[in-house]
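Notes to accompany the following structure.
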Number of protein chains: 2
Amino acid sequence: MSVRMEDIAKILGVSKSTVSRALNNNPLVNENTKKKVLTVAKRLNFRKNYLARSLITKRTNTIGIVLPNILSSYTHEIVYGVETVANKKGYALILCVSSDDPKKEEKEIHLLREKQVDGMIIFFIGESKHCDCIWELKQDKIPFVLIDRYLKNIYSDFVVTDNIAGAYMAVKHLIKLGHKRIGFIIEPEGSTSILDRIEGYKKALNEFGIKVEKELIKTSPIRREANGYRTMKEFLLMKNPPTAVFAVNDEIAIGALEAIEEQGLKVPEDIALVGYDNLRVSHLLKVPLTTVAQPIQEMGSRAAEILIEKIEKNGITKPQRIFLKPKLIIRESCGGGKNISKRVKKVRLLINT
Amino acid sequence: MSVRMEDIAKILGVSKSTVSRALNNNPLVNENTKKKVLTVAKRLNFRKNYLARSLITKRTNTIGIVLPNILSSYTHEIVYGVETVANKKGYALILCVSSDDPKKEEKEIHLLREKQVDGMIIFFIGESKHCDCIWELKQDKIPFVLIDRYLKNIYSDFVVTDNIAGAYMAVKHLIKLGHKRIGFIIEPEGSTSILDRIEGYKKALNEFGIKVEKELIKTSPIRREANGYRTMKEFLLMKNPPTAVFAVNDEIAIGALEAIEEQGLKVPEDIALVGYDNLRVSHLLKVPLTTVAQPIQEMGSRAAEILIEKIEKNGITKPQRIFLKPKLIIRESCGGGKNISKRVKKVRLLINT
DNA sequence: TTATATAATGATATCGGTTGCATATTAATT
DNA sequence: AATTAATATGCAACCGATATCATTATATAA
């Protein structure tokens, strides 16, 4: 069907080895024959078959990325970072989506192995106790880099942001503005990214002598846009609601914002709000959101760089464990922080009517 | 290095043919031997090498997608639509980005061919006169589906939205609100998606007896976020500025919105604004944007469905040319449309001071 | 019992390249 | 002229699977 090197060889009366060498710029070929080969190749519109090539070279120049979803702008930016570097270095990218399902995730990882990718970047959402497929990668010396969250029980490369520091900054900011009752909306996952943010939250409170109260840490059900809505409502229905809320990500914060406004309250006048992620939407909201920005793109690009280096050095590099620094972006959703006590009264009043 | 079928064969004292059959669920194998093979395969953590398999089956179960960029939420949603279907049908997805560069685009298409993808989805940005690589795909019977924009001189499958209808709806909406001077900000491309929108714009004006004025159609330089900003400023500096502006996409509209507000004017009170695309951001803006929604995800998923059907029917299907219907989403950026003439005066006043 | 159908397996070519080694040709050295 | 080196090329094995065809073992029919 398609043109093979052998076809070119026959036309020119040479062997396919020579054709192969000519097309691979091997100096062992005579300049003249090389030219002839290239001419015929062009004329026949020859395309090399990388399957055959890779089969023998053991290189596909392809990396895989496994993500829990692809709709959030978070994963989106990761892909961007990864793609940019992969492309620059001459690697193709296979995109795999696990749909937040650990079993699917495992399948995707296996699939990538079967496709013989040179390495993979994994946003691993499986439980840290059930990560056999990651172990197998390590055992079989297949280069991989974890991203966004790491596994405490596996010594491997990863690129994450310093979530402890990020949450700490956010909460400290609220405390400095005078807040003492700071709600925290989290998600029902055991990932290091959330665990670390909880740790940062507690660290800030402790540092300023504020007691950590369980009722102020609420779990929002599913990962979805505007899912902070319901949880925020719960906060607003408390007898003694928080004067500030820290959302574990911006999507939750957006939901929370809606809930607050629907209740007839205002941000930041009545309740201060901090998010996490600095989505591209966040500064466009009715109340521009104060949030913790993660260098998401950079996370992707660093992961890709590390992975590719590992591939090209044949995995001899020792694991790199990168914690990128997040940054607090102060906008309008926390206000100036005066008269916290007065506000509290107003909020209670509004809610009890 | 890695475990091969032959290794399993040797352990069990059978031939590799038998192992292959067992692992492929071929009924020709004895149930018992199949079990043995599966057991050993599991024990050795065997992974099939798809390169070898594909080399002979001529199927990679992989499709490629070529996009001009990956940062816009537009292409993002396309990817989502494509990925969902590809995944469901058991195809992996290779992501290629042309970075708005026709030469790079050509390279990516060649790369996909070399990787022997079963087919590809192409958001083609090259000029319609220089689309040799698309011709070659057709000639060589490699399944492909164009997306977002089609090529007038190539009879092929494509999935686009009806841009004539979309623009027509938007402009008609403005006309019905009383606008007669309607500015149009376009982009400097010759793609069918923009040409068709221009056609829709003109069609609406013609239908209501409004003359098309060249000075009211302005081209915004580069494709980037908020790039409508400068062009909108130009409109505002005209002696007789438009009372409404139709932006060829929401990103331009967002830029335009900024420019208008910076000039001390208000949307929709002073100037009406319509976008195109219905980005996820657009309803979150300070002034929720009236816009034309395209079923972007659907475009991706339809393209994937058509492509895969084509692949699995060995390309015997005849080209499908799909025009999906867009939808006008009316929000707040056009207002109620009363007292257009008064507004005009106010705008002129503000600008000349 | 022999012939025939059925089920299970193996040997081997193949897919389209790459690569090591042998060989042929020409040029350089002594 | 003989020896050695350098340059080009071909042959054949190989990568790891699949697929065709031949073969063997077993079951069924005549």
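What's counted below: heavy atoms across the whole structure, side chains too, no hydrogens, waters or symmetry copies. Letters A, B, ... mirror the listed sequences (proteins, then strands); counts begin at 1.
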Contact list please: residues 35-55 of chain A against DNA chain D, heavy atoms, distance less than 4.0 Å, in numerical order.
A:Leu55
State, to 0.1 Å, how close B:Lys310 and B:Thr317 come at their nearest heavy-atom pair, and which atoms those are.
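It is CG-OG1, 3.2 Å.
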Value in whole Å for how far the [atom2] atom of [N] lies from [atom1] of [X]:
X        : N      : atom1 : atom2 : result
B:Arg113 : C:dG16 : CZ    : P     : 14 Å
A:Ile8   : C:dG16 : CD1   : C1'   : 12 Å
A:Asn24  : C:dG17 : CG    : P     : 10 Å

Let me check something: any side-chain donor-acceptor pairs from residues 77-85 of chain B under 3.5 Å, sequence neighbours excluded? List them with distances.
| from | atom 1 | to | atom 2 | distance (Å) |
| --- | --- | --- | --- | --- |
| B:Glu83 | OE2 | B:Asn87 | ND2 | 3.4 |
| B:Thr84 | OG1 | B:Tyr80 | O | 2.7 |

Please enumerate all residues that pass ring-ring contact (aromatic ring centres under 6.0 Å, His included) together with B:Tyr155, with sequence neighbours excluded.
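ring-ring contact (aromatic ring centres under 6.0 Å, His included) list for B:Tyr155, sorted by chain: empty.
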To the closest 0.5 Å, what do you measure between NZ (B:Lys107) and CG (B:Asp101)?
8.0 Å
Presence of A:Ser20 side-chain N/O under 4.0 Å of C:dG17 phosphate oxygens OP1/OP2:
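For C:dG17, neither OP1 nor OP2 has a side-chain N or O of A:Ser20 closer than 4.0 Å.
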Between N or O atoms, less than 3.5 Å apart, protein on one side and nucleotides 5-11 of chain C on the other: list the pairs.
| from | atom 1 | to | atom 2 | distance (Å) |
| --- | --- | --- | --- | --- |
| C:dT9 | OP2 | B:Asn30 | N | 3.1 |
| C:dT9 | OP2 | B:Thr33 | OG1 | 3.1 |
| C:dG10 | OP2 | B:Ser15 | N | 2.7 |
| C:dG10 | OP2 | B:Ser15 | OG | 3.0 |
| C:dG10 | OP2 | B:Thr18 | OG1 | 2.7 |
| C:dG10 | N7 | B:Arg21 | NH2 | 2.9 |
| C:dG10 | O6 | B:Arg21 | NH2 | 3.4 |
| C:dA11 | N6 | B:Ser17 | OG | 3.0 |

Compile the donor-acceptor pairs under 3.5 Å between side chains in residues 119-136 of chain A and protein atoms, sequence neighbours left out, one pair per line.
| from | atom 1 | to | atom 2 | distance (Å) |
| --- | --- | --- | --- | --- |
| A:Glu136 | OE1 | B:Asn45 | ND2 | 3.2 |

Please determine which of B:Glu105, B:Glu108, B:Lys104 meets the side chain to side chain contact (heavy atoms under 4.5 Å, CB included) test together with B:Cys96.
B:Glu108
How far does the helix from C:dT1-D:dA30 to C:dT30-D:dA1 bend, going by the axes of its first and last five pairs, to the nearest 10°?
50°
